Protein chains: 2
Amino acid sequence: MNSKKNAPADALDTFARFLQDRGLRMTRDRRAIIRQVFEVHAHFTMDDLFIALRLKGERLSKTTLYRNLPLLVESGLIRRVPGESSDGRFEHVLGHPHHDHLICLECGREIEFSCTDLETAQDNICRRYGFHPVWHRLGIWGYCRRCRARRSVKPKER
Amino acid sequence: MNSKKNAPADALDTFARFLQDRGLRMTRDRRAIIRQVFEVHAHFTMDDLFIALRLKGERLSKTTLYRNLPLLVESGLIRRVPGESSDGRFEHVLGHPHHDHLICLECGREIEFSCTDLETAQDNICRRYGFHPVWHRLGIWGYCRRCRARRSVKPKER
DNA sequence: TCCTTATTGCGACTGGTTTCCATTACCAAC
DNA sequence: GTTGGTAATGGAAACCAGTCGCAATAAGGA
Ligand SMILES: [Mn+2]
Ligand SMILES: [Mn+2]
Ligand SMILES: [Zn+2]
Ligand SMILES: [Zn+2]
């Protein structure tokens, strides 16, 4: 219900527990990072985050982000978004459950979707191979409805 | 039938046409690259390719590879393989049709699979969104049968 | 409060990729 | 077969995201 409203607080809590379990410490920077990450409901890069935090007056360094985002990933609070090449794109998880992406080659827009058939099919495959899945990333590139309409030109290849 | 045997030749042909269409030229280096890429039936990195070609006595430079692999991708002859971070991993396409990957977090082994249910589910999703798919990449990370057997320890998270 | 040790900032450093530019090689047109 | 306009190439320098080393700082349990 209020799962969205409390996401930042919940996340902070989760992370605190995660840190404690590993003998790590909760710091001002880490609090600021969590707060920011769960305040924005969109994909972000290392740099997006850095700039946002600096604008808010936080004085952490980029190195700190590079050291902490992997922890957030491990804790399950954020995940990497599939991208063409070496992404450095993340998105938070709480209040934003698993989904896959349609990425438009023309306008760059990303559509998030989730589909049980797809997940089921994956589970079946894994079972067949005796594979224990932990996570997956699916990205589909192509042309979105809007772009297709705007130019009734058909794109080429498969 | 002999689609495999002639893959290098077919590829060369395809690429020649591709180049011509764009006013680009077929060169010794490009021929060598195609030949090598279709001779090896496995994923490869920029460096794998460079070393292999050098060992064969080709005297091209790495810069040339960096300039030409993107062309091979555009021509549809090779594709990028999904990878955790900055991949620079490719695989050829001819005689090696579309498939997705199971990647073991422990041994790093990659299992290639393809599953019509999965593809169908994707098509359905795309239709629903009015999205025209061009390509997709699915990678599932987890633990392979072999590794799970070797250590009957259960991995954590979902 | 004290003390151990995790955390941080900063600059140096890295490895992969791109860019520059002068030289070489295609290849289509004579 | 020669020529000429360009594409292609090699090598070095530049770029860039990320990583590392280290001395200074700050959590947080005792
Ligand atoms: Mn997303
Ligand atoms: Mn493959
Ligand atoms: Zn679009
Ligand atoms: Zn394995």
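Letters A, B, ... are given to chains in the order of the sequence lines, protein chains preceding strands, and every chain is numbered from 1. Since we're looking at a predicted model, the values are computed, not measured.
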- Contacts of B:Gln20 and A:Leu60 projected onto DNA chain C by closest heavy atom; the upstream (5') one is A:Leu60
- Message: At less than 4.0 Å, is any side-chain N or O atom of A:Asn68 found next to OP1 or OP2 of C:dT8? Yes or no.
- Response: yes
- Message: At 4.0 Å (heavy atoms only), tell me whether A:Arg28 reaches a base, stays on the sugar-phosphate, or touches nothing.
- Response: nothing
- Query: Between the two ends of the helix from C:dT1-D:dA30 to C:dC30-D:dG1, what is the bend in degrees, rounded to 10 degrees, where each end axis spans five pairs?
  - Reply: 40°
- Query: Counting side-chain heavy atoms from C-beta on, which of C:dT8, D:dA7, C:dT7 comes nearest to A:Arg67?
  - Reply: C:dT8
- When all nucleic acid strands are considered with a 4.0 Å heavy-atom cut-off, which category describes A:Thr27: base, sugar-phosphate, or nothing? sugar-phosphate
- Spacing between B:Phe15 atom CZ and D:dA8 atom C1', to the nearest angstrom: 12 Å
- Message: Rounded at 0.5 Å granularity, tell me how far SG in B:Cys104 sits from CZ in B:Arg145.
- Response: 12.5 Å
- Message: Measure CG/B:Asp48 against C1'/C:dG16 and give the value in whole Å, please.
- Response: 14 Å
- Salt-bridge test for B:Arg17 and B:Asp21: reply yes if a basic N is under 4.0 Å from a carboxylate O, no otherwise. no
- Item | Rounded interatomic separation in angstrom, taking CZ from B:Arg59 and C1' from C:dT24 | 14 Å
- Item | Closest listed nucleotide, where the reference is the side chain of A:Thr64 and the choices are D:dT9, D:dA8, C:dT8 | C:dT8
- Name the nucleic acid region contacted by A:Asp29, choosing base, sugar-phosphate or nothing; use a 4.0 angstrom heavy-atom cut-off, strictly under. sugar-phosphate
- Note on the structure: Comparing nearest nucleotides in DNA chain C, the 5'-proximal residue of the pair B:Thr63, A:Arg30 is A:Arg30
- Query: Could you give the CZ-to-C1' distance, from A:Phe50 to D:dG18, as a whole number of Å?
  - Reply: 14 Å
- Query: Shortest non-hydrogen contact from B:Phe113 to B:Ile140?
  - Reply: CZ-CD1, 4.3 Å
- Query: Any Lys/Arg nitrogen of B:Asp123 or B:Arg127 sitting under 4.0 Å from an Asp/Glu carboxylate oxygen of the other?
  - Reply: no
- Message: From CG of B:Leu65 over to P of C:dT18, roughly how many Å is that when rounded to an integer?
- Response: 12 Å
- Among C:dG9, D:dG10, D:dG28, which nucleotide sits nearest the side chain of A:Met26? D:dG28
- Message: Distance check needed: C:dA6 C1' versus A:Asp21 CG, whole Å only.
- Response: 16 Å
- Query: Looking only at heavy atoms, what is the nearest atom pair of A:Arg25 and A:Leu19, with distance?
  - Reply: O-CD1, 3.6 Å
- Item | Protein-nucleotide distance (A:Arg31, atom CZ; C:dT7, atom C1'), rounded to Å | 13 Å
- B:His101 vs B:His99 aromatic rings, parallel, tilted or perpendicular, using cut-offs 30° and 60°? perpendicular
- Apply side-chain contact (heavy atoms from CB on, under 4.5 Å) to the pair A:His98 and A:Asp100, showing each step before the final yes or no. CA-CA 7 Å; A:His98 172 74; A:Asp100 297 302; 3.5 Å; yes
- Query: Hey, mind stepping through B:Thr120 and B:Asp117 against side chain to side chain donor-acceptor pair (under 3.5 Å) and telling me if it holds?
  - Reply: CA-CA 5 Å; B:Thr120 303; B:Asp117 285 357; 5.4 Å; no
- Using only side-chain N and O atoms of A:Tyr66, determine if any of them is under 4.0 Å from OP1 or OP2 of D:dG18. yes
- Calculate the interatomic distance between A:Lys62 atom NZ and C:dA12 atom P; express it in whole Å. 16 Å
- Query: Does OP1 or OP2 of C:dA25 have a side-chain N or O of B:Arg25 closer than 4.0 Å?
  - Reply: no
